[in-house]
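Predicted model, so just to flag it, every value in this text is computed and none were measured. We use all heavy atoms of the structure for the numbers below, so side chains are in, but hydrogens, waters and symmetry mates are not. Proteins get letters first, then strands, A, B, ... in listed order; numbering begins at 1 in each.
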Amino acid sequence: MLNKSKIQLISHPDTDVEHMEYKFANIEKRWQDYWEKNKTFRTEDDFSKPKFYVLDMFPYPSGSGLHVGHPEGYTATDIVARYKRMKGFNVLHPMGWDAFGLPAEQYAIETGTQPSITTQKNCDNFRRQIKSLGLGYDWDREVNTTDPGYFKWTQWIFIRLYNTWFDENLQKGRPIDELEIPAEIEAEGSEAANNFIEDKRLAYYDDAQVWWCPNCKIVCANEEVMNDGNHEKCGNTVERKNLKQWMLRIPLYAERLLDGLGNVDWPEGVKDMQRNWIGRSTGAEVDFQVEGSDETLRVFTTRPDTLFGATYMVVSPEHPLLEKLTTEEEKNRVDAYVAQAGLKSELDRSDLSKEKSGVFTGTYALNPVNNKQIPIWVADYVLMGYGTGAIMAVPCHDTRDFEFATAFSLPIPCILDPNTDDKELREQVLKGKACWTGDGSYVNSASKETGLDINGQSKEQGIATTIKWLEENKLGTEAINYKIRDWLFSRQRYWGEPFPVIHWEDGEITLLEDDALPLQLPEMEKYEPGSHGESPLANAEQWLHVTDSKGRKGRRETNTMPQWAGSCWYYLRYIDPRNDQEPFSGEKEKYWMPVDLYIGGAEHAVLHLLYSRFWHKVLFDLGIVSTDEPYTRLFNQGMILAFAYETETGAKVSSDLVEEKEGKYFHTETREPLKQIVAKMSKSLKNVVNPDDVVTGFGADSLRLYEMFLGPLDAVKPWVENGVKGVYNFLNKVYKFFVDPSKYHDGEEDQEVLKSLHATIKKVGFDVEALHFNTAISQMMIFTNLVVKKGKITRESAAAFARVLGPFAPHLAEEVWNFLGNNTSIAKADWPEYDESMLKEDSHEYPVMINGKLRFKIMLPLDMADEEIRKEVLSHETALKWTNGNDPKRFIHVPKKIINIVV
RNA sequence: GCGGAUGUGGCGGAAUUGGUAGACGCGCUAGACUUAGGAUCUAGUUCUUUCGGGAGUGGGGGUUCGAGUCCCUUCAUCCGCACCA
């Protein structure tokens with residue numbers, strides 16, 4: 001109620017308008033039609049010009065249309081694109097649709113409407129909305145991930161991934177036919193050789209654990225499972241299920257993905273999140289002999305130096321050796337524990353069980369550094385998915401092991417004398433009553449029997465010495481471990497890219513030939529999933545079954561690719577979007593890549609950006625693209641929030657039930673006083689701002705300008721509804737002044753106006769490069785206020801200002817430009833040059849401070865000698881008052897800045 | 001717990017290398033025009049004051065002629081990750 005009322009009133013202006021009224025609706029319609037008709041923003045592949053590639057993260061075209069968050073990033077890139085074009089660059093600035101996705105499929109299940117029809121409708125709506133904002137995209141380059149002409153090449157890339165292996169020595173992906181099969185494997189026969197090859201492919205087909213919602217009969221992505229283990233859509237508990245899945249070996253590229261982060265201009269936070277996700281840690285893998293067995297238990301540790309402090313071992317409940325390790329006597333307890341751990345999902349293991357739990361397996365291992373017998377336990381604080389799924393526990397120097405050992409009264413011997421000044425803490429650690437993970441010098445860390453002795457060494461030395469000893473004695477090796485895991489690359493859904501894969505009745509898997517692409521989706525009448533966790537494609541009988549020339553029968557892959565697939569490479573397709581011979585021309589790719597500026601939401605900090613970097617590196621290794629990294633500069637726009645209201649107890653109140661009285665807020669029904677808070681826009685809070693409403697009420701230029709004026713692009717900021725009025729007033733002022741013949745004169749330009757104009761050209765240029773749009777707009781307001789006050793301007797100055805305004809408020813700028821007698825688009829004009837000499841001053845108004853406090857101001861010529869300045873300032877009446885005519889202690893004069901007198 | 005960021009008027013936010021804190025905008029106050037004003041224009045607007053000043057950028061301390069900015073410390077909020085061995 002609060003949010004809407006004003007917009008609606010202003011959106012129905014008096015019909016009785018003067019001819020000078022800023023009729024934004026007419027103006028914007030006129031220029032949008034003009035741009036469309038003249039293809040103003042079409043990008044030619046003119047290799048003679050310097051290029052600039054500015055990219056938005058393309059949207060998923062949802063049924064609810066744009067929200068105000070979309071235009072934020074899009075306006076920013078549009079301003080940069082228009083600016084760069086005016087600066088003489090050949091600018092690539094495309095838009096498209098990431099249009100595969102669940103909502104269209106869900107809608108299909110409910111209504112039987114083909115997803116392609118829903119998608120088409122939504123794309124049309126998005127395109128209309130985006131065009132209504134005056135964003136200058138080259139629509140001839142529009143791409144859509146669901147278009148067979150597009151996903152043909154997504155499938156083509158998948159085939160490349162399948163046919164690539166990673167050469168760890170060269171740290172480079174190579175064609176699979178360059179893979180040499182070792183002689184001893186060759187000798188075992190063709191099946192072994194085949195298995196060897198399959199194990200090397202970047203894409204492979206294998207069993208994988210997935211989340212399955214028995215209610216929706218659908219597999220869920222991890223992010224669709226809530227913290228309590230329920231499906232976010234229906235609230236039912238999801239299950240673990242083993243299904244054959246396509247996986248991609250992204251961990252092989254971990255080092256390359258880490259290295260590449262060093263050379264890109266990205267927000268530090270995003271780089272850190274990616275590093276964190278890859279999770280590289282260095283240490284050693286150590287083999288422990290299991291007592292009374294020829295099995296060894298391998299662990300990964302970052303602290304091989306603490307081996308002397310290892311007093312027990314822990315394996316995860318899913319560890320493959322657990323059954324063998326468990327003795328008869330302990331079997332019941334271990335089985336019960338494993339069953340119980342299985343009930344807890346991986347998600348709530350961390351949350352619910354702050355208390356450590358576990359049971360003894362009944363078996364012992366031998367600590368390789370001193371051959372001491374140590375018990376092997378099973379506990380769910382050790383995860384199967386990380387390292388080897390087993391650890392050596394060093395309770396005195398690892399907090400988790402310390403907690404566990406304390407809970408189960410296991411010994412906590414100290415082997416590292418802490419280098420801390422805290423005497424009490426040090427005592428505690430030495431006694432095994434506290435845990436120390438920092439540096440220090442080793443004690444009790446020598447064994448005559450095995451010959452290892454690190455007593456007295458520091459952490460760094462101890463690690464090096466121990467690894468060397470382990471390797472010499474063949475008990476372990478230096479090792480690097482990564483958190484990142486193989487990428488589960490298939491979904492049991494209809495509305496995604498089909499895999500170009502056939503599973504034959506004899507077990508062979510073949511991929512389609514390039515010339516058989518695209519493999520299209522079959523049209524279906526029903527989109528319900530298959531009964532056993534299969535994709536709806538399992539019901540497409542006609543499509544599904546194939547027979548080869550020899551009569552062998554096969555089934556097509558019924559899984560489809562995840563939504564990430566299309567977005568992994570779309571920036572490449574924009575380069576050559578209608579090419580039906582190859583994904584893009586190499587020549588064009590060399591010219592346009594890399595992307596110079598990529599703007600989008602921080603929610604894609606890890607997955608999309610990591611996945612697409614991975615694909616890009618594979619394509620680079622195969623010689624398909626010319627750069628190692630796809631995105632040179634990345635920038636995250638901050639989320640736009642909205643005001644919302646809550647009661648004293650914190651209950652949220654829908655905005656249509658809120659009433660304002662004298663700056664306070666009340667519930668319209670209960671009369672409760674309410675607190676104004678800032679929250680994400682949501683349907684339930686009824687605080688969603690619809691860009692269409694703003695465009696209707698104030699115009700697209702106002703929406704663009706306001707989104708940029710709101711604050712720094714990367715900041716999270718609330719939409720303050722009244723703020724739109726501020727920029728609307730500004731545009732109104734610009735219109736009324738610059739489209740009024742009576743404001744123009746033919747004489748010399750006023751010096752002050754000229755100076756401000758050049759300052760504006762300079763500042764706006766700098767600010768656009770730095771993406772500081774809010775301060776650029778403020779500078780344009782300052783200039784406008786000045787000329788309105790002066791009342792007159794020359795056509796030349798007005799033309800320069802119009803061009804500065806152009807990237808921000810393109811419709812109004814075109815109108816002014818046209819009024820000034822130009823009959824080509826302002827988008828094609830040159831950015832005005834500023835003259836540095838115009839900005840020079842010959843005198844400066846110095847603030848004079850006495851003891852650090854501003855006391856008065858004085859105008860002084862810049863070429864005045866120091867001595868004279870001193871005399872002049874000290875003889876000022878206010879200065880005399882403070883100095884009593886005495887010589888000051890100090891006299892500081894910073895040229896062009898400030899004068900400070902210390903008395 | 002770890003990692004990243006942010007704290008400036010009533011509000012959104014400005015402030016290259018330390019150099020006039022609060023640009024620009026909203027809101028508010030007063031006035032002008034007006035039948036009217038949620039239109040437009042003009043002036044004012046950090047707080048406080050005994051009208052000399054005084055205080056002031058989350059809190060405390062430090063460096064400096066001078067600190068929103070640099071250093072130490074502390075608090076709060078937001079985001080991401082979270083038993084990663």
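- Listed by residue number, A/Asn774, A/Thr775, A/Ser778, A/Met781, A/Ile782 are the residues of residues 767-783 of chain A with a heavy-atom contact under 4.0 Å to RNA chain B.
- Within 3.5 Å, no donor on the side chain of A/Asn722 pairs with an acceptor on the base of B/C26, nor the reverse.
- Here, B/G62 and B/G27 have their C1' atoms 39 Å apart, quoted to the whole Å.
- Rounded to whole Å, the P atom of B/C65 lies 28 Å from the corresponding atom of B/A15.
- Look at the C1' atom in both B/G13 and B/U46: the space between them is 15 Å, to the nearest Å.
- Partner of A/Phe801 under the ring-ring contact (aromatic ring centres under 6.0 Å, His included) criterion, out of A/Tyr834, A/Phe737, A/Phe783, A/Phe808: A/Phe783 alone.
- With hydrogens and angles ignored, no donor-acceptor pair under 3.5 angstrom links the side chain of A/Lys889 to the base of B/C65.
- Side-chain polar atoms of A/Tyr386 and A/Ser281 form a donor-acceptor pair below 3.5 angstrom.
- Residue contacts shown for A/Asn729 are limited to sugar-phosphate atoms, with no base heavy atom under 4.0 Å away.
- Considering only side-chain atoms of A/Lys717, the nucleotide from B/G13, B/A21, B/C65 that sits closest is B/G13.
- Under the side-chain hydrogen bond (donor to acceptor under 3.5 Å, both in side chains) criterion, A/Lys763 pairs with A/Asp767, sequence neighbours left out.
- A distance-only check finds a donor-acceptor pair linking the side chain of A/Thr361 to the backbone of A/Ile376 [under 3.5 Å].
- Ranking B/C81, B/G19, B/A39 by closeness to the A/Lys897 side chain, first place goes to B/G19.
- Using a cutoff of 4.0 Å between basic side-chain nitrogens and carboxylate oxygens, A/Lys717 and A/Glu72 are scored as salt-bridged.
- A donor-acceptor contact shorter than 3.5 Å is absent between the side chain of A/Lys736 and the backbone of A/Tyr22.
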